[in-house]
Amino acid sequence: MAAAAAAAPGALGALQAGRARLVAACCARLGPGWRLPGSLTGPRVGPAMWARGWAPVAGGSAPRRGYSSEVKTEDELRVRYLEEENRGIVVLGINRAYAKNSFSKNLVKMLSKAVDALKSDKKVRTIIVRSEVPGIFCAGADLKERVKMNPSEVGPFVSKIRAVINEIANLPVPTIAAIDGLALGGGLELALACDIRVAASSAKMGLVETKLAIIPGGGGTQRLPRAIGISLAKELIFSARVLDGQEAKAVGLISHVLEQNQEGDAAYRKALDLAREFLPQGPVAMRVAKLAINQGMEVDLVTGLAIEEACYAQVHSPGSERAGCPAGGIEVAKDSPRHGARAVGASPHRPVPAARGQEDKALEVDASIIDLRLSLLSNTGTETCGSPFRHGLRGTPF
């Protein structure tokens, strides 16, 4: 290369010869398997072309890069089952720092697989959805990946995002979204699918799809109005407005707002405190209470009261004492480390002992309620579960 450059006349030849020596020295440091394709005697190579030009030849080995984009796909979602006093709490941690935790095909697949396993795990009591990346919760769909899709792939991809968010919303146990950073578009829709949302005051959240000339496609147009009211939800979606933690708390979008700490996980710590507060309660009662609230909010009050009565029958049936209703009643254990409810006469340093005993029954609840809803839906006058609200159920779709 240096001989070819030296053949050029004058100062230009000297400059090109110098460039050739510099490149040769760089190649020597990288190893014998590296070269820069193309002639160095031609036009000047721009920085972008130089970056793309480096390539190992056969037998060469590429140097290792320290970029965060090298995160393995299996690490994009971390599922942690907490132990000891936190046993029963599961943390779903999104970990796509290089893409702001946006939804990729792989992440959606991993979320779906994790949720599918959790919904049938009777030992799971509460699920926390958080980010493993400081300053980011989830930035929505991965637009860079979407650009590379064929038009026919976009619709199914969005449908898969919507489906996995719906799966999270339908989990039978309490779910908490810990928002310690940016939650935009699908990221906020993910949080809306959780039962409870907590956020740091520095967090930013909003449904911003109208800026891209589209609309929220992961349930945002339905769950946001149910969370904060129709008029305000329309205002936020029409304007694509982004709220901070304090503003989100003021409109009822989140339940708790906290000043961010040095570690950047204030919302997660609050979510963990809430999850610990849920642990002493009866697991079947928690599942049935969630089901009664969710189903009741979708129907009129009379039907909702019938749903509540039917759900109550699930936890106040013969043998319920063996399933977690302690004899002698419940009192608040002021001296308990968790300040939770406990059976009279039980150890103050243990949760309700019968609560764990409900686990065997927990998985039967959802199927029973589904059968119950079908019977109520088809009810034509026969009293169901002794319901005094039976006349309000005729012809009322769930």
Side-chain angles (χ1 to χ4, degrees), residues 81-83 85-91 115-128 167-176 193-196 271 274-299 303-333 336 338-347 350-376 384-387 389 398:
Y81 291 76
L82 304 190
E83 297 293 339
E85 72 273 11
N86 297 322
R87 185 182 299 274
I89 301 173
V90 178
V91 180
V115 171
D116 190 56
L118 291 173
K119 67 184 179 184
S120 59
D121 189 341
K122 60 186 179 182
K123 295 182 180 180
V124 175
R125 304 291 299 280
T126 300
I127 297 169
I128 299 174
E167 289 171 8
I168 291 172
N170 292 329
L171 281 165
V173 298
T175 54
I176 308 172
C194 295
D195 300 313
I196 301 168
L274 290 173
R276 289 178 182 136
E277 196 172 344
F278 299 162
L279 283 179
Q281 321 314 328
V284 173
M286 297 288 282
R287 290 171 179 246
V288 176
K290 176 173 177 175
L291 187 63
I293 295 169
N294 287 354
Q295 298 297 331
M297 291 303 296
E298 302 302 321
V299 299
T303 307
L305 290 171
I307 292 173
E308 179 187 75
E309 183 178 4
C311 289
Y312 184 84
Q314 295 290 319
V315 294
H316 191 68
S317 57
S320 61
E321 289 79 13
R322 295 190 302 273
C325 295
I330 298 290
E331 68 178 17
V332 176
S336 170
R338 294 179 183 170
H339 299 284
R342 65 176 173 90
V344 175
S347 170
R350 297 175 60 188
V352 179
R356 300 297 186 189
Q358 291 191 8
E359 291 176 350
D360 292 337
K361 183 182 176 185
L363 295 180
E364 303 172 4
V365 173
D366 294 337
S368 300
I369 294 297
I370 290 172
D371 292 340
L372 175 66
R373 292 182 62 217
L374 290 174
S375 65
L376 291 175
T384 304
C385 295
S387 173
F389 310 109
F398 279 62

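Numbering of residues begins at 1 and proceeds along the displayed sequence. Any value given below was found using the heavy atoms of this structure, including those in side chains, with hydrogens, waters and symmetry copies removed.
Contacts of L82 classified as side-chain contact (heavy atoms from CB on, under 4.5 Å), with partners at least two apart in sequence or in another chain: R80, N86, I89, V91, Y268, L272. Judged as a side-chain contact (heavy atoms from CB on, under 4.5 Å), and not counting sequence neighbours, the contacts of A292 are C311. Under the rule for a side-chain hydrogen bond (donor to acceptor under 3.5 Å, both in side chains), the partners of E167 that lie at least two apart in sequence or sit in another chain are S112. Among residues two or more places apart in sequence or in another chain, the side-chain hydrogen bond (donor to acceptor under 3.5 Å, both in side chains) test is passed with T175 by D195. Partners of D116 according to the side-chain hydrogen bond (donor to acceptor under 3.5 Å, both in side chains) rule, which considers only residues two or more places apart in sequence or in another chain, are K119. Here V124 pairs with Y81, V90, L118, D121, I127, V173 under the side-chain contact (heavy atoms from CB on, under 4.5 Å) rule; sequence neighbours left out.
Shortest non-hydrogen contact noted between R125 and P174 is O-CD, 3.3 Å. A275 and I176 make their closest contact through N-CD1, 4.0 Å (heavy atoms, listed as atom of the first residue, atom of the second, distance). Across K122 and R287, no two heavy atoms sit closer than the pair CA-NH2, 3.9 Å.
Atoms CD1 and CD1, on I293 and I307 in that order, are 12.0 Å from each other to the nearest 0.5 Å. Within the model, atoms CG of N294 and CD of E298 stand 8.0 Å from one another, a figure rounded to the nearest 0.5 Å. T126 contributes atom OG1, which lies 11.0 Å from atom CG of L171 (distance to the nearest 0.5 angstrom).
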